[in-house]
Amino acid sequence: MVKDLFERIQNNKGPLGRWASQAEGYFVFPKLEGELGPRMQFGGKDILNWSLNDYLGLANHPEVRQADTDAAIQFGAAYPMGARMMSGHTKYHEQLEEELAAFVMKESAYLLNFGYQGMVSIIDALVTRNDVIVYDVDGHACIIDGVRLHSGKRFTYKHNDIESMEKNLQRATKIANETGGGILFITEGVFGMRGQQGKLKEIVAMKQKYNFRLLVDDAHGFGTLGKTGAGAGEEQGVQDDIDVYFSTFAKSMANIGAFVAADKDVIDYLKYNLRSQMFAKALPMIQTVGSLKRLELLRNHPELKDKLWENVNALQNGLRDKGFNIGDTNTCITPVYLEGSIPEAMIMVNDLRENYGVFLSIVVYPVIPKGIILLRMIPTASHTIDDINETLVAFEAIREKLVNGTYKEIAAKTKVDLDA
């Protein structure tokens, strides 16, 4: 007898979904209200917000708000209608692509509607069943899902591990020689959970020994790293050696959309083979024109990045000085690692939000190993030193409660599964 398709999802909500009844609306799918920025409202209370990816503080920059408004007045939300190949192509899309390519020091670029679907489609378009993919085990979900579409061989290497990279390149080379295919190597410029840069310099050095093409997802590096803000490749001095450069507008650009940049022949190929763009409506004019203004500010106002890093250094140095473990982050992303269970983490974050007015992202198993709590903070150029000092005081207080068993005791008295 054929089983009901929904039987599985009714009986197994998944590793995160199982917490929905206790977490939804508070720990996940929270509703932040008010003007975007370091100070917002959550649950009717003012909170200090460390969970916005608005690195350069452009979301509420007056010139950005004006550009978005002007574009909405001139074009409305619908313009242009249709996919780029059919009826959705404009001079503004072309202008943005040209300026993005120049900014990241590539020959050509192509706009994407969304980062996630864009990366999935880029991977799908770049490889055939005869090709081999080698990628970091800690790659973003968009990379994982793009690789899943690949009908050929694929290998993961241990996170940022050079020895594992080379071992898997050797395996990939053997298979590619047999199939007559090529090798696509995928990494991130910045790994968004723990904040480490991908080892781009070391990976590029291996090109002398192995014949592969390098695709880099630099969503968190674009605008934050490098002398001009061109990203992790510029920071490490290997931007020219990145074959396909990808980034999203959802971080430093405070917008919707993404782009891919490479040599012109590669971009020309992708323009005619990226299914996520060929069969999707063009990026709306509000986002396109708005991104032109954001890119202009990013290029011409290096003080925005300077202020960002002033805050990053103050926050990360303050945490280290107080004995907190922030791992080996060398980017803006600031993780704080604590030891505890999921129930303890839930009680701790509730305390942090309700009694200290600090809002941040909490990451637990299965994203990271059991017994570890990761509190992930995103400093921005909009934060102040007072914001940082207030947060450091709050962190010292919650650490003490975690260590002395206060949160464990509270969790035991609530409807939280301590076996998790």
Side-chain angles (χ1 to χ4, degrees), residues 14-16 28 51-55 104 112-127 133-150 154-161 164-165 168 184-200 203 213-225 231-233 235-236 242-262 270 274-277 327-335 361-369 372 374 376-378:
L16 294 177
V28 295
S51 286
L52 292 184
N53 286 323
D54 183 22
Y55 285 121
V104 299
L112 310 168
N113 290 2
F114 294 99
Y116 196 105
Q117 69 170 201
M119 176 56 78
V120 169
S121 197
I122 289 166
I123 296 171
D124 178 51
L126 287 176
V127 293
I133 298 176
V134 178
Y135 64 106
D136 195 295
V137 70
D138 277 5
H140 189 272
C142 64
I143 296 174
I144 304 302
D145 288 351
V147 171
R148 283 176 175 172
L149 293 177
H150 181 44
R154 53 188 187 261
F155 301 112
T156 58
Y157 58 84
K158 296 177 184 178
H159 174 57
N160 258 356
D161 186 303
S164 180
M165 290 178 195
N168 283 284
L184 177 65
F185 193 106
I186 310 173
T187 188
E188 297 191 43
V190 174
F191 288 88
M193 199 59 62
R194 296 177 174 87
Q196 309 115 320
Q197 291 182 46
K199 294 189 175 180
L200 305 183
I203 293 168
R213 293 294 186 171
L214 176 59
L215 165 60
V216 175
D217 176 348
D218 203 25
H220 290 274
F222 177 82
T224 69
L225 294 175
E235 178 79 12
Q236 298 183 38
I242 295 173
D243 297 297
V244 184
Y245 180 92
F246 164 91
S247 188
T248 173
F249 298 158
K251 308 297 189 288
S252 291
M253 296 270 273
N255 205 357
I256 294 173
F259 72 100
V260 57
L270 291 175
L274 276 179
R275 294 175 65 83
S276 66
Q277 297 305 123
D328 57 354
T329 178
N330 54 359
T331 66
C332 302
I333 296 166
T334 305
S361 298
I362 174 177
V363 184
V364 293
Y365 178 83
V367 180
I368 59 175
I372 300 295
L374 190 161
R376 178 176 176 265
M377 291 187 285
I378 304 293

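The structure displayed is predicted, hence computed values, not measured ones.
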> Which residue, Asp243, Leu184, Val244, Ile186, forms the side-chain contact (heavy atoms from CB on, under 4.5 Å) with Leu214?
Replying inline: Asp243

> Is there a donor-acceptor pair under 3.5 Å between the side chain of Ser121 and the backbone N or O of Arg275?
Replying inline: yes

> Should the heavy atoms of other residues, nucleotides or ligands under 6.0 Å from CZ of Phe114 be counted, would the total exceed 12?
Replying inline: no

>> Side chains of Tyr55 and His220 only: does a donor on one sit below 3.5 Å from an acceptor on the other?
In response: yes

> Checking Thr331 side chain against Gly195 main chain: does a donor-acceptor pair fall under 3.5 Å?
Replying inline: yes

>> Using the rule side-chain contact (heavy atoms from CB on, under 4.5 Å), only one of Tyr157, Phe185, Tyr135 pairs with Asn168; which is it?
In response: Tyr157

> Would the number of heavy atoms belonging to other residues, nucleotides or ligands and lying under 6.0 Å from CZ of Arg213 be above 12?
Replying inline: no

> Do any N or O atoms from the side chain of Glu235 and from the backbone of Leu225 form a donor-acceptor pair under 3.5 angstrom?
Replying inline: no

> Do you know the tightest heavy-atom contact between Gly233 and Ile242?
Replying inline: CA-CD1, 3.9 Å

> Asn330 side chain to Gln197 main-chain N or O, any donor-acceptor pair under 3.5 Å?
Replying inline: yes

> Quick one: does Asp136's side chain have a donor or acceptor within less than 3.5 Å of a partner on Asn160's backbone?
Replying inline: yes

> How far apart are the closest heavy atoms of Ser247 and Phe222, and which atoms are they?
Replying inline: OG-CB, 3.1 Å

> Please, which pairs that meet salt bridge (charged side-chain N to carboxylate O under 4.0 Å, His left out) have at least one residue in residues 185-197, sequence neighbours excluded?
Replying inline: Asp138-Arg194

